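Remember, it's 1-based here, ligands and their atoms both numbered in the order they're listed. For clarity, every value in this text was computed on a predicted model and none was experimentally measured. Throughout, residue positions are numbered sequentially from 1 according to the sequence presented.
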Amino acid sequence: MKIYKFGGTSVGSPERFRALIPLINDGKLKVVVLSAMAGTTNTLVEISELFSAGKRDEAATMTRQLRERYHQVADELLSSATWGERAHDLIDEHFDYITTLFSREFSRHNEKRIVARGELISTALLHFLLSEAGIPSLLVPALNFMRIDKDGEPDYFYIRENIKREMAAVQDEKIIITQGFICRNVFGETDNLRRGGSDYSATIIGAALGAQEIQIWTDISGLHNNDPRFVENTRVIRNLSYGEAAELAYFGAKILHPSSINPARLKNIPVRLKNTLEPSDEGTLITSTSAYEDYKAVAAKDGIIVLRIHSDRMLMAYGFMRRIFEAFEAFKTPIDMITTSEVSVSLTIDDPTYLDDIVRTLSSIGNVEVDRDQSIICVVGDFRPDRVGSAPEIFEALNEIPVKMISYGGSENSVSILINTSDKIVALKSLSNKLFPEE
Ligand code: ASP
Ligand code: MG
């Protein structure tokens, strides 16, 4: 069995919905995990924000517009009266639900219920479309099996047991449809796996069912060796290891949710990134056996903040690191990069929510400087400890750019370099010329 996950653009219009049929209707058993139609989750988040700001009328207007758009989609998608009517009823049911929430107090829980509508509607529409075409499919509600624990992590035991029970209902259907992104939390409430979480749903489901392969379908043919928005002549990377793919997903390659590699890696299930617009393209294959190459890719992550903590008391002292880390732990803020000298420590974070509190806490340890608008450039390749010669090429490419921090040796798969965001495009281009010369 394979898992096929389709992102928002792959179900972005009635034509795109229809284009999925030949891809999934090949007589082989598969679980199809869907995102919401492109743009829907953003609109639902906006609606929730208006609701939370007390602007209920504006929230209601936006909800009405989205409802109308879905009715149009249903009209174009389904030609029979029976399935058309079912789709219109379903759409009304979901939008009536959102509207009734507006008469209550805003809460984070209501927000989660609102943003879940996108996936609930897209999966039902695909199910109706297939039914109209006479293709049997089974719609399995993700809320019946997908669950996170108190730390927001997938509860694998629960998921495995419950998805197996749901799959027992499969008769002759080869296409099992379910929602990406949405889940229940420990209280049994509707929740989600955070933005872009449908990829994560797909790999969690793949791991729970011991799938043979997990395919993530988007509208680009796999991961590129540099950012095509800034660099010309980028190439698709055909093979990546789980470790390499995880680094790339984390450092800005928007095509894959950063957490989504983990479940596949745990069960050693290949992940293939495919393009709905070019289905015959083999895309990128992510496995445990992908061979090392000197350099595979370069990616950049913006919105990084660096904190430098300097204290002469650190000289020959112990316990400083613990105190520094505790400040970040207390404010639930993950650290990305870190470098140290005898009397100073530099750290980066990408979540500024508790920056002021963290700085205040660290000020009791030493002098703290903060720099915003930083980017981490991540070079993915072969950085195993006994390898020689990769650093000069990277730094030669960057010799015109102020390098603020370097992290080498933390990972066998990557080197991270901190620069000003204003230098990012030049850095990406120059690294591309040096590390991936045109053939
Ligand atoms: N629809 C959700 C989002 O836009 C989940 C996903 O597409 O992966 O974030
Ligand atoms: Mg996505």
For ligand 1, which atoms sit closer than 4.0 Å to a heavy atom of [X]?
| X | answer |
| --- | --- |
| Gly197 | 5 (C), 8 (O) |
| Ser198 | 5 (C), 6 (C), 7 (O), 8 (O) |
| Arg195 | 3 (C), 4 (O), 9 (O) |

Point to revise | Whether Gly8 lies under 4.0 Å from ligand 1, heavy atom | key: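 For ligand 1, residue contact (heavy atoms, under 4.0 Å) with Gly8 is absent.
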
Review point. Can you tell which part of Glu119 has a heavy atom less than 4.0 Å from ligand 1: side chain, backbone, both or neither?
Key: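 Looking at Glu119 and ligand 1, just side chain atoms fall under 4.0 Å.
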
Ligand 1 to [X] polar contact by distance, N or O atoms, under 3.5 Å:
| X | answer |
| --- | --- |
| Lys5 | no |
| Arg194 | no |
| Phe181 | no |
| Ser35 | yes |

Review point. Should the ring pair Tyr4 and Trp217 be called parallel, tilted or perpendicular, given that the plane angle runs from 0 to 90° and is split at 30 and 60?
Key: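 The arrangement is parallel - the two ring planes meet at less than 30°.
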
Exercise for review: Using the six-membered ring wherever Trp is involved, compare the ring planes of Phe383 and Tyr408 and label them parallel, tilted or perpendicular (cut-offs 30° and 60°).
Suggested key: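 Rings of Phe383 and Tyr408: perpendicular, as their planes differ by over 60°.
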
Point to revise | Ile255 side, atom CD1; Thr284 side, atom OG1 - distance, nearest 0.5 Å | key: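 One gets 6.5 Å once the value is rounded to the nearest 0.5 Å.
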
Exercise for review: Enter the distance from Ile205:CD1 to Ile159:CD1 here, rounded to the nearest 0.5 Å.
Suggested key: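 Rounded to the nearest 0.5 Å, the CD1-CD1 separation comes out at 8.5 Å.
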
Review point. Regarding Arg384 and the six-membered ring of Tyr292, is the cationic atom NZ or CZ under 6.0 Å from the ring centre and inside 45° of its axis?
Key: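 Output yes; distance and angle both within limits.
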
Check your understanding: With Lys404, which of Asp423, Asp371, Asp373 fulfils salt bridge (Lys or Arg N to Asp or Glu O under 4.0 Å)?
Key ->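 Checked Asp423, Asp371, Asp373 against Lys404; only one passes salt bridge (Lys or Arg N to Asp or Glu O under 4.0 Å): Asp371.
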
Practice item. Verify the neighbour count for atom CZ of Arg194: are there more than 12 heavy atoms of other residues, nucleotides or ligands below 6.0 Å? Key: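 Open.
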
